[in-house]
Amino acid sequence: MWSHLKEQGIELPKITSKEINEQIGPVLRRMEKIGVEIDVKSLNSLAKDTEGKLRKIEKQIWKLAGEEFNINSPMQMAEILYKKFKLLNGEIKKTKNGYSTAANELKKLEGKHKIIKPILEYRELSKLLSTYLKPLPLLVDEKSRLHTSYGQDTTTGRLTSNEPNLQNIPIKGELGQKIRKAFVASKGMKLISADYSQIELRVVACLANDKVMKEAFIQHQDIHAKTAAEIFDTKTNKVTSDQRRVAKTVNFGVLYGMSPYGLSQSLSIEQEKAADFISRYFTAHSGIKDYCNRMIGKAHDEGYVETIFGFKRMLPNIDSHYRNIANAEERMAINTPVQGSAAEILKLAMIDLEKKLDDLNKNKFKAQMLLTIHDELIIEVVDSAVSEVAKIVKETMEQVIKLCVPIVAEVKVGNNWGEMKVLKI
DNA sequence: ACAATGGTCC
DNA sequence: ACTCGGACCATTGTA
């Protein structure tokens with residue numbers, strides 16, 4: 001399938017998706033067993049603070065609503081907002097049973113009623129309280145370490161994490177940051193985080209052999225700014241931060257097989273505008289356009305698509321006469337090879353790194369992998385070996401496979417997961 | 001026990 | 001009219 005990659009100078013390690021998954025197994029079991037240390041006191045203290053704040057906001061919301069109701073109930077919330085206050089402005093999405101009260105929809109009403117803001121704040125805090133602050137401290141072992149379980153049963157080849165899920169620990173917002181800070185290195189040790197920079201876009205640049213995108217990565221350009229220049233028809237150095245933000249969404253959209261509707265929703269713009277962005281994007285990136293058509297064609301012809309190491313995803317409904325079902329599988333046809341190949345690259349790097357750390361630990365213990373979060377690794381390392389290990393991690397990740405563009409991993413170090421400093425290597 | 005809704009991450 | 005890719009989990013409300 002991907003034999004054409006060789007002609008681009010890409011060298012694939014001689015290994016199959018199945019072998020990667022077999023070899024990553026023991027690595028994952030070891031990471032599960034080791035676990036990650038949590039500052040339980042800090043989480044408990046944050047939980048207390050947050051409970052207090054929630055009680056306050058709850059009262060405020062009830063006062064504005066003129067009655068007491070269960071803020072956690074979308075049903076009761078819709079009753080208040082849409083029946084009592086008639087805040088429907090014509091652009092609120094419907095759910096199966098009524099009008100949505102999802103945050104995205106409520107934001108459209110922020111200017112219309114004072115109750116919206118505290119509701120959004122309540123939602124954020126109560127989410128973090130009930131999903132992270134309350135449960136996590138109950139799950140630590142006698143050494144205050146938290147042990148997740150990694151799974152491999154996904155449709156794209158990504159790993160999963162559950163009981164607890166450590167792949168969706170908050171990062172946004174003030175409280176989110178504080179929660180990350182409660183993931184700490186043991187005494188005398190540091191955490192190293194290493195994440196691939198735009199690995200999926202680099203992968204698709206190669207899968208699609210897209211001239212413009214390849215050039216951008218080879219020259220280490222700001223890919224989102226460059227895309228902004230293309231779709232807004234301006235110079236890269238004249239791109240505004242707003243234009244760049246839009247372009248970033250467009251670039252993500254590519255990976256998801258974007259439709260004008262989907263793009264318009266995530267950018268809160270008109271569909272016509274979104275369609276125009278997409279059209280300009282595909283004009284600038286004919287390689288990507290061809291790639292999309294090739295994957296859809298393959299799914300039609302063969303019934304599946306696959307990653308660079310041969311992980312297959314069946315797409316049995318690609319010929320459905322229900323356009324929405326067929327369209328959904330077309331998007332999967334576009335996304336799966338990208339997301340899946342990127343996942344395989346990180347898994348390969350983990351297999352490599354495990355061996356190197358084993359060697360390093362032979363004489364004296366120095367470092368161990370703790371977590372994997374799709375394009376990121378968290379490693380715990382003794383203070384004295386930080387720079388040595390950081391270098392090994394970065395090189396392992398960047399050299400694990402030769403793509404048609406450079407692979408870049410950013411390495412950071414800190415005493416906890418919430419405040420890490422970039423390491424120049 | 002289960003579906004619906006909503007929200008966190010990459 | 002089309003309701004963007006991949007996961008896990010909490011809460012509500014009904015069965």
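Values in this document were obtained by computation on a predicted structure and should not be read as measured data. Numbers restart at 1 for each chain; the letters A, B, ... are given by sequence-line order, proteins then strands.
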Students often get this wrong, so: under 4.0 angstrom with heavy atoms, is [X] touching a base, only sugar-phosphate, or nothing?
| X | answer |
| --- | --- |
| Ile171(A) | sugar-phosphate |
| Leu263(A) | base |
| Thr101(A) | sugar-phosphate |
| Thr155(A) | sugar-phosphate |
| Lys93(A) | base |
| Lys96(A) | sugar-phosphate |
| Glu163(A) | sugar-phosphate |
| Arg331(A) | sugar-phosphate |
| Thr249(A) | base |
| Ser259(A) | base |
| Leu255(A) | nothing |
| Asn165(A) | sugar-phosphate |
| Asn324(A) | sugar-phosphate |
| Ala328(A) | nothing |

Using atom [atom1] of [X] as one end and atom [atom2] of [N] as the other, report the distance to the nearest whole Å.
| X | N | atom1 | atom2 | answer |
| --- | --- | --- | --- | --- |
| Gln76(A) | dG13(C) | CD | C1' | 10 Å |
| Asn162(A) | dG6(C) | CG | P | 18 Å |
| Leu125(A) | dT8(B) | CG | P | 10 Å |
| Phe69(A) | dT12(C) | CZ | P | 13 Å |
| Lys172(A) | dC9(B) | NZ | C1' | 8 Å |

Is the shortest side-chain N/O distance from [X] to OP1 or OP2 of [N] below 4.0 Å?
| X | N | answer |
| --- | --- | --- |
| Ser100(A) | dG6(B) | yes |
| Asn327(A) | dC2(C) | no |
| Thr95(A) | dT5(B) | yes |
| Arg123(A) | dG7(B) | yes |

Problem - Side-chain (Thr227(A)) to main-chain (Ala247(A)) donor-acceptor, under 3.5 angstrom - result: no
Problem - Exam field: side chain Lys108(A) to backbone Glu91(A), donor-acceptor pair closer than 3.5 Å - result: yes
Roughly how far, to the nearest 0.5 Å, is the [atom2] atom of [Y] from the [atom1] atom of [X]?
| X | Y | atom1 | atom2 | value |
| --- | --- | --- | --- | --- |
| Thr50(A) | Lys178(A) | OG1 | NZ | 8.0 Å |
| Ile24(A) | Met350(A) | CD1 | CE | 4.0 Å |
| Asp301(A) | Ile296(A) | CG | CD1 | 12.0 Å |

Practice task
Could you work out the separation of dT5(B) and dC4(C) based on their P atoms and round it to a whole Å?
Solution key: 15 Å
Problem - Separation of the C1' atoms in dG6(B) and dT3(C), to the nearest angstrom - result: 16 Å
Tell me which nucleotide among [options] gets nearest to the side chain of [X].
| X | options | answer |
| --- | --- | --- |
| Tyr256(A) | dG5(C), dC2(C), dC9(B) | dG5(C) |
| Met75(A) | dT5(B), dG13(C), dC9(C) | dG13(C) |
| Ser73(A) | dG6(B), dG13(C), dG5(C) | dG13(C) |
| Arg313(A) | dC9(B), dT12(C), dG5(C) | dG5(C) |

Practice task
Would you indicate whether the side-chain heavy atoms of Tyr256(A) and Arg331(A) approach each other to under 4.5 Å?
Solution key: no
Exercise for the section: For His374(A) and for Thr131(A), find the nucleotide of DNA chain C with the closest heavy atom, then tell me which residue's nucleotide is more 5'. Expected result: His374(A)
Practice task
Could you say whether Pro164(A) or Gln167(A) is positioned toward the 5' end of DNA chain C, judged by the nucleotide with the nearest heavy atom to each?
Solution key: Gln167(A)
Kindly say whether, by distance alone, the side chain of [X] makes a donor-acceptor pair under 3.5 Å with the base of [N]?
| X | N | answer |
| --- | --- | --- |
| Gln339(A) | dG6(C) | no |
| Gln271(A) | dC2(C) | yes |
| Asn72(A) | dT11(C) | no |

Practice task
Answer with yes or no whether the side chains of Thr249(A) and Ser266(A) bring together a donor and an acceptor at under 3.5 Å.
Solution key: no
Problem - Salt-bridge present (Glu330(A), Arg323(A); N to O < 4.0 Å) - result: yes
